[in-house]
Amino acid sequence: MTDQPHPETGPSPVPAPDAASAPTLFTWEFATDPYPAYAWLREHAPVHRTRLPSGVEAWLVTRYADAKQALADQRLSKNPAHHDEPAHAKGKTGIPGERKAELMTHLLNIDPPDHTRLRRLVSKAFTPRRVAEFAPRVQQLTDRLIDRFAAEGSADLIHEFAFPLPIYAICDLLGVPREDQDDFRDWAGMMIRHGGGPRGGVARSVKKMRGYLAELIHKKREALPAEPAPGEDLISGLIRASDHGEHLTENEAAAMAFILLFAGFETTVNLIGNGTYALLTHPGQRERLQRSLAAGERDLLETGVEELLRYDGPVELATWRFATEPLSIGGQRIAPGDPVLVVLAAADRDPQRFADPDVLDLARRDNQHLGYGHGIHYCLGAPLARLEGQTALATLLTRLPDLRLASDPADLRWRGGLIMRGLRTLPVEFTPVPVGTGAQ
């Protein structure tokens, strides 16, 4: 870990940490349990300049109050053009392959007023009502996937459940034909392998997905009826959405569909995987939730999913931000062009904000976690992710009541990557049960 602080200005400067006692970041050991290292940073170097595995130097923001400030600070731009180094052009920041695939115009990479316009247009299509109406389909997909392994007595819950569920769900929501959805599953699988697949595989998958979406959007625009039909898919809704007569261009619609898929599926994979793992390693909390579900209650399920998002959420670091002018975060001077990464996982374990932050408490009420961000870039797909997470966990615990780990927790491996946090595999065992009647 390389420390290269700027001269400090501003209130309450933090004493320089002892380099000898500083934790080593971004190793495989760190990925397994990053929380002790984040606790050290919160205490000794809450706004910390470090060299990332890619070679890019960035500031890590680890305290809750500083993180919340940074997430809402419009002097921190989402546009990589503000980076003072050409790292983005070299694929070291952002989503691999997005520049070559002409996918830059999406909500994760732009600022107001363009962000305001696009988010307003997308919000007209991606409404809470549309998500609520999608709940029966999410339940059908959940049951169908569990049906495939329920009689076996064992499964890898990542590959057989947590991964396919959000992929098929978002494909259905977007309006991707069923016969093409397995292609999407293959492309998505390559995208979340990060460094584990063939060289250039992520960028190729992004390009294929972008090309497919552009063609699909063009076909849907050509065939769009004058009035929306009941249950109209999200891509048609994106095409139809307008604001004072202004519509999304086909490129904008393709970029938005892509980012809804990219940002939506991996976060939900990790929410289901991390959440199930947390419940299986906290049997008292898991049994408490099962009793609540058996009684037909949903309150503990809803607060429980929020606690799982706080305790070991799917997004470890918020996506890239770049200072557009000199500013101070937590008493630390940030220079124009500097990258800033808000460490959501550290902020959500800050004892200055959460009582007993390292304790999993499914009934926690005062839980304004940052798992889905804060400010104008708050995750647009959060309602869908919550729906999928609640449905997946409730159905698993109800249909497979004696679900248990089939591996020593020390043997589990976490995927490498800077932004997301998720398990590679989650082997489980359970008493085999007769296959249900989940929808096909």
Side-chain angles (χ1 to χ4, degrees), residues 1-6 14 17 22-54 56-73 76-78 83 92-94 108 194 263 266-267 270-271 274 278 307-323 327-334 338-354 357-358 367-375 377-379 414-422:
M1 182 171 65
T2 302
D3 303 323
Q4 295 181 329
H6 287 297
V14 177
T24 302
L25 306 180
F26 308 119
T27 64
W28 288 111
E29 294 78 12
F30 167 83
T32 299
D33 183 11
Y35 296 103
Y38 288 149
W40 190 96
L41 289 176
R42 278 195 312 266
E43 179 68 22
H44 300 285
V47 182
H48 181 64
R49 189 172 174 88
T50 190
R51 186 182 297 275
L52 304 174
S54 64
V56 174
E57 292 182 1
W59 293 97
L60 303 181
V61 180
T62 56
R63 288 180 179 170
Y64 183 91
D66 296 336
K68 195 170 182 180
Q69 172 204 329
L71 291 171
D73 194 328
L76 292 174
S77 171
K78 299 290 288 176
H83 192 191
K92 293 182 178 180
T93 67
L108 293 185
H194 302 298
E266 189 172 1
T267 54
N270 295 346
L271 169 57
N274 299 4
E307 175 68 346
L308 293 169
L309 285 164
R310 182 202 69 82
Y311 180 78
D312 197 12
V315 184
E316 190 165 345
L317 284 75
T319 49
W320 295 83
R321 285 165 167 79
F322 307 91
L327 68 142
S328 179
I329 303 176
Q332 177 65 62
R333 181 73 165 179
I334 309 295
D338 279 1
V340 174
L341 290 167
V342 177
V343 188
L344 305 178
D348 281 341
R349 295 267 191 120
D350 188 342
Q352 296 298 315
R353 177 58 186 83
F354 300 99
D358 295 321
N367 196 2
Q368 294 182 358
H369 62 78
L370 301 176
Y372 285 125
H374 173 68
H377 290 285
Y378 183 83
C379 179
W414 297 77
R415 285 198 301 274
L418 188 64
I419 302 298
M420 301 292 184
R421 173 166 172 77

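By convention here, the first residue in the shown sequence is residue 1. In this text the structure is predicted, and so the values were computed from the model without any measurement.
- In plain terms, the two heavy atoms of Tyr311 and Asp358 that are nearest each other are CE1-O, 3.4 Å.
- Of the possible polar contacts, none joining the Arg353 side chain to the His369 backbone as a donor-acceptor pair under 3.5 Å is found.
- Between Leu309 and Asp348, the closest side-chain pair of non-hydrogen atoms is not below 4.5 Å.
- Each of Glu316, Arg415, Arg421 was compared with Asn270 under the side-chain hydrogen bond (donor to acceptor under 3.5 Å, both in side chains) criterion, and only Arg415 meets it.
- The line from CH2 of Trp414 to CE of Met420 is 14.0 Å long, rounded to the nearest 0.5 Å.
- Distance check: His374 NE2 to Gln69 CD gives 10.0 Å after rounding to the nearest 0.5 Å.
- Summarising the geometry, atom CG belonging to Asp350 is positioned 10.0 Å from atom CD belonging to Glu43; distances are rounded to the nearest 0.5 Å.
- Tyr35 and Ala345 make their closest contact through CE2-O, 3.6 Å (heavy atoms, listed as atom of the first residue, atom of the second, distance).
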*Give the C-alpha distance, both sets of side-chain angles, the deciding distance and a yes or no for side chain to side chain contact (heavy atoms under 4.5 Å, CB included) between Leu25 and Leu60.*
CA-CA 11 Å; Leu25 306 180; Leu60 303 181; 3.8 Å; yes
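- Judged by a 6.0 Å distance limit and a 45° cone about the ring axis, Arg349 is not positioned over the six-membered ring of Tyr38.
- Between Val315 and Glu266 there is no side-chain heavy-atom pair separated by less than 4.5 Å.
- Of all non-hydrogen atoms in Pro46 and Asp66, the two that sit nearest each other are CB-OD2, 4.5 Å.
- Counting only heavy atoms from C-beta outward, the side chains of His48 and Thr62 never approach each other to under 4.5 Å.
- A distance of 12.0 Å separates CD of Gln352 from CZ of Phe354, quoted to the nearest 0.5 Å.
- Using a 4.5 Å heavy-atom threshold, the side chains of Leu52 and Leu341 count as touching.
- Between Arg49 and Asp338 there is a salt bridge, since a side-chain N of the basic residue sits under 4.0 Å from a carboxylate O of the acidic one.
- What you find for Pro34 and Ala31 is that their closest heavy atoms are CD-O, 3.9 Å.
- Atoms CG and SG, from Leu370 and Cys379 in turn, are 13.0 Å apart once rounded to the nearest 0.5 Å.
- The distance from atom OH of Tyr372 to atom CG of Leu271, rounded to the nearest 0.5 Å, is 5.0 Å.
- Residues Leu71 and Val61 have side chains not in contact (no heavy-atom distance under 4.5 Å, counting atoms from C-beta outward).
- Under the 4.5 Å side-chain criterion, counting only non-hydrogen atoms from C-beta, Leu76 is not in contact with Val342.
- For the pair Leu418/Phe26, a side-chain contact is recorded, criterion being any heavy-atom separation below 4.5 Å from C-beta on.
- For the pair Val47/Ile334, a side-chain contact is recorded, criterion being any heavy-atom separation below 4.5 Å from C-beta on.
- When all heavy atoms of Leu344 and Gly371 are compared, the pair lying nearest together is CD1-O, 4.1 Å.
- Put simply, the side chain of Arg42 never gets that close to the backbone of Arg63: no donor and acceptor are under 3.5 Å apart.
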